[in-house]
Amino acid sequence: MFGFKTQSQTSNFKLQTLNLKPQTSNFKQNIMILKLAWRNLWRNKRRSFITIASILFAVIFVVFMRALQIGTYEAMTDGVVNMYTGYAQIHQKGFWDDQNLDNTMPYRQAMVDSIENVEGVTGVVPRLEGFALTSFKDKSKGSLIIGANPEKEQQILKFETLLHQGEVIAPNDNRIMVSEGLLKYYQMQLGDTLVLLGQGYHGMSAAGKYAIAGVVKFRNPELNRNTVIMAIPTAQWFFSTGERVTSLILEKEEFTGVEKMVANVSAIVDLNQYEVMDWQTMLPELVQSIEADNVGGVIMAFILYMIIFFGIFGTILMMTSERKYEFGVLISIGMKRMKLAMVVLWEIVMLGILGVLSGYTLVYPLIAYFYFNPIVMEGEMAEMYEDLGFEPIIPTSLDPSIPITHAAVILLIAFVLSIYPILKIRTLKPTGSRRL
Amino acid sequence: MNQFADYNPIIMSIIKTNNLERFYTEGDVTVKALNGVSLNIEEGEFTAIVGPSGSGKTTLLNVIGGLDSPTNGAVEIANTEITNMKDNELIDFRLKNIGFVFQAYNLIPVLSALENTEFIMLLQNQPKEKRHARAIALLEEVGLKDQIYKKPNEMSGGQQQRVAVARALASKPKFVLADEPTANLDSKSTGDLLDIMLELNEKEKTTFIFSTHDQRVIDRAKRVITLEDGKIISDETK
Ligand SMILES: Nc1ncnc2c1ncn2[C@@H]1O[C@H](COP(=O)(O)OP(=O)(O)OP(=O)(O)O)[C@@H](O)[C@H]1O
Ligand SMILES: [Mg+2]
């Protein structure tokens, strides 16, 4: 027999092993891994194309569907929130549930100033809103009266952009503006006088005659049908409210961070006397209908992703079993399992990326087209939308978070699925795989 | 034992096995694929492992090459016992010390002959110029100077096996293990491959251990170890 290794020989060998192992050119190995993955992808062109195509169609379908849905929600909230209620409002406590002039609040400049200083608030816009009967010649109609300061409404009601005829009234104008729908209803002209009759503060009678200085065209159909706009002092005089307003709208630069702003403002106002509400609290029906619709979209997307998941899985199963022998050879000749696993991982991720990118290339022009040329609804659907107070259009959303989310989902699927071949590679025996 | 003393005064044993056993159990049946194999292979050998089908040739080469572990016994390569190495350690050990040529489908199908040959050196982190020069030299040596950019599926079986030999040598291994390297080749390609292997053995002192069924291959081996039922029944050096 022979004696096995001596101590010195072993340690010599180990030293040699260590010296042979420069850690410097891992970069080159990574390039090789990518190169191998890329070429492997095209070994079975037809299969790769089919897999990529399935991802591509899923991307087109899901992203376009979500862009339409979210675009519709954006239009809905935009139409109401951005163009009417604002992101948040302050009222006399209880006003929102019982909207009448007796629940108005006094307008105090000191309070407005301190709110304007709160972080996140870019402006405070007062309004005095009520109802009155309008009439012209032999016609009459119940109308919404908005007492507003046109100069402060640059971000919300934006009279300048909505102006259809005539001019925007001044902040203390005695004349009024009417919505385009109301003008049509009465078949009036600029300069005509509208008669208003109603009930003011604490049951006082409200009556007046106002000349029409301008006509605005609201995008919100409900508002457009029925609205009279007055300067705040004129409205206060008409409703006999004195220095009172119904609401203070909190202006904000962006859509995000509303909650925080509401919290900040709530901290400095007397919550026994006032209520600070964000738009979700003010418009729960809007929020609910969006959420209900949204769930449907998410479920659709989920089902489609499941189909994609199993589609890619099929490809991976075939690929793994076809290449077991090859994997065995690579491990035999000295490729670490980890590196081999990286090759396979990249193959799957590349499939995903190619599918996503080609999908985006096709879907993006579609989304952009329908963003600029929204689908216009007709018939019953249109009426339903208008009754709810929304424009009857379905625009798409250009929100980048939609494609990003779906790219992330598909990459996640790719990563999850690559666990399978990686586990196979981990336990693959170099010999077992050598038997033909 | 010093059969190569004529050209190499310092004889170094590169493979030692001591009473190797490898049993496969399937159900109640235990197959003794290796049943007590003690073997000593020295640098520069050109050795054929022969024997009937099922005698244990592949099993022996796998155990020697660290691709399979023995049920009992030990394998020592260049004074290092490999039997108890961890998987990753063993992969690294194979990369540095052993060249492999399998019966078929040795090569990475998506890489050219040149890239396949460079591949091992890339795994060893050798610099580009060195890799390239050595791969080209090796491919030239195996007579494939004009085929270096061909992919495996553009080459004949014999050419593919020659690339596999070039690849096996690329890492400057201590020895090359080849399990029936000529099994899928016609007689002309078999002869060519053997010529190349013998030339490398003689010029570069490359150690080759290969299994075979082919009498023409056996005839050209310098040492022939015959297995039967997992045991060495004869060991002849010419
Ligand atoms: N993975 C395995 N599982 C079970 N039995 C095996 C396995 N590998 C080999 N054997 C058995 O071990 C014995 C030796 O097999 P081995 O492949 O080493 O023979 P061989 O000499 O290479 O034969 P051949 O000339 O046909 O290639 C055979 O009886 C075979 O059936
Ligand atoms: Mg065999």
Side-chain angles (χ1 to χ4, degrees), chain A residues 1-14 16-18 20-33 35-43 322-323 325-340 343 426-436, chain B residues 13 16 18-19 38 40 58-59 61-63 65-69 74 76-81 87-111 115 118-120 122-128 131 151 164 167-168 171 173 177 179 183-184:
Chain A
M1 283 303 120
F2 40 70
F4 269 2
K5 73 193 165 212
T6 64
Q7 201 55 46
S8 67
Q9 278 167 325
T10 320
S11 51
N12 260 343
F13 181 76
K14 288 230 167 101
Q16 196 189 341
T17 321
L18 285 176
L20 273 169
K21 208 177 173 186
Q23 299 289 315
T24 42
S25 33
N26 264 341
F27 175 72
K28 279 183 200 150
Q29 293 202 9
N30 292 338
I31 297 286
M32 172 197 69
I33 284 173
K35 187 160 102 181
L36 271 179
W38 177 254
R39 292 199 193 164
N40 282 331
L41 207 58
W42 303 110
R43 269 163 83 166
E322 279 168 12
R323 277 164 56 193
Y325 177 82
E326 181 184 327
F327 292 161
V329 167
L330 288 171
I331 295 170
S332 298
I333 65 171
M335 188 175 198
K336 292 246 171 70
R337 292 170 198 271
M338 195 52 215
K339 286 189 184 130
L340 187 53
V343 173
R426 257 178 69 102
T427 54
L428 195 72
K429 284 204 177 77
T431 30
S433 44
R434 280 181 57 194
R435 313 195 100 224
L436 281 173
Chain B
S13 168
K16 286 180 195 172
N18 184 17
N19 205 22
S38 295
N40 193 357
T58 297
T59 309
L61 289 178
N62 284 347
V63 171
L67 299 174
D68 192 6
S69 28
E76 192 182 300
I77 288 169
N79 295 315
T80 305
E81 196 186 322
D87 179 67
N88 255 342
E89 211 181 337
L90 201 51
I91 291 177
D92 234 21
F93 187 86
R94 289 200 295 263
L95 176 65
K96 275 161 204 152
N97 299 287
I98 310 173
F100 290 95
V101 178
F102 304 117
Q103 188 175 325
Y105 307 112
N106 270 285
L107 305 177
I108 304 171
V110 295
L111 298 184
E115 289 167 325
E118 277 191 51
F119 184 77
I120 290 249
L122 188 58
L123 289 177
Q124 289 180 323
N125 281 331
Q126 292 191 23
K128 170 88 192 159
R131 269 177 4 227
K151 296 267 172 70
R167 181 188 65 186
S171 60
L177 293 178
D179 190 11
N184 291 2

Atom [atom1] in [X], atom [atom2] in [Y]: separation rounded to 0.5 Å?
{"X": "B:Asn106", "Y": "A:Tyr325", "atom1": "CG", "atom2": "OH", "result": "6.0 Å"}
{"X": "B:Asn88", "Y": "A:Arg337", "atom1": "CG", "atom2": "CZ", "result": "8.0 Å"}
{"X": "B:Leu67", "Y": "A:Ile333", "atom1": "CG", "atom2": "CD1", "result": "11.0 Å"}
{"X": "B:Arg131", "Y": "A:Lys28", "atom1": "CZ", "atom2": "NZ", "result": "5.5 Å"}
{"X": "A:Met335", "Y": "B:Asp92", "atom1": "CE", "atom2": "CG", "result": "13.0 Å"}

Could you check if a side-chain atom of [X] sits within less than 4.5 angstrom of a side-chain atom of [Y], using non-hydrogen atoms only?
{"X": "B:Glu118", "Y": "A:Met32", "answer": "no"}
{"X": "A:Leu36", "Y": "B:Leu111", "answer": "yes"}
{"X": "B:Gln124", "Y": "A:Gln29", "answer": "no"}
{"X": "B:Val110", "Y": "A:Arg43", "answer": "yes"}
{"X": "A:Lys336", "Y": "B:Leu95", "answer": "no"}
{"X": "B:Phe102", "Y": "A:Val329", "answer": "yes"}

Region of [X] that comes under 4.5 Å of a non-hydrogen atom in chain A:
{"X": "B:Leu107", "value": "neither"}
{"X": "B:Asp87", "value": "side chain"}
{"X": "B:Leu123", "value": "both"}

Note to self: How close do A:Ser332 and B:Arg94 get, counting heavy atoms only, and between which atoms?
What the structure shows: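 Reported closest heavy-atom pair: O-NE, 2.9 Å.
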
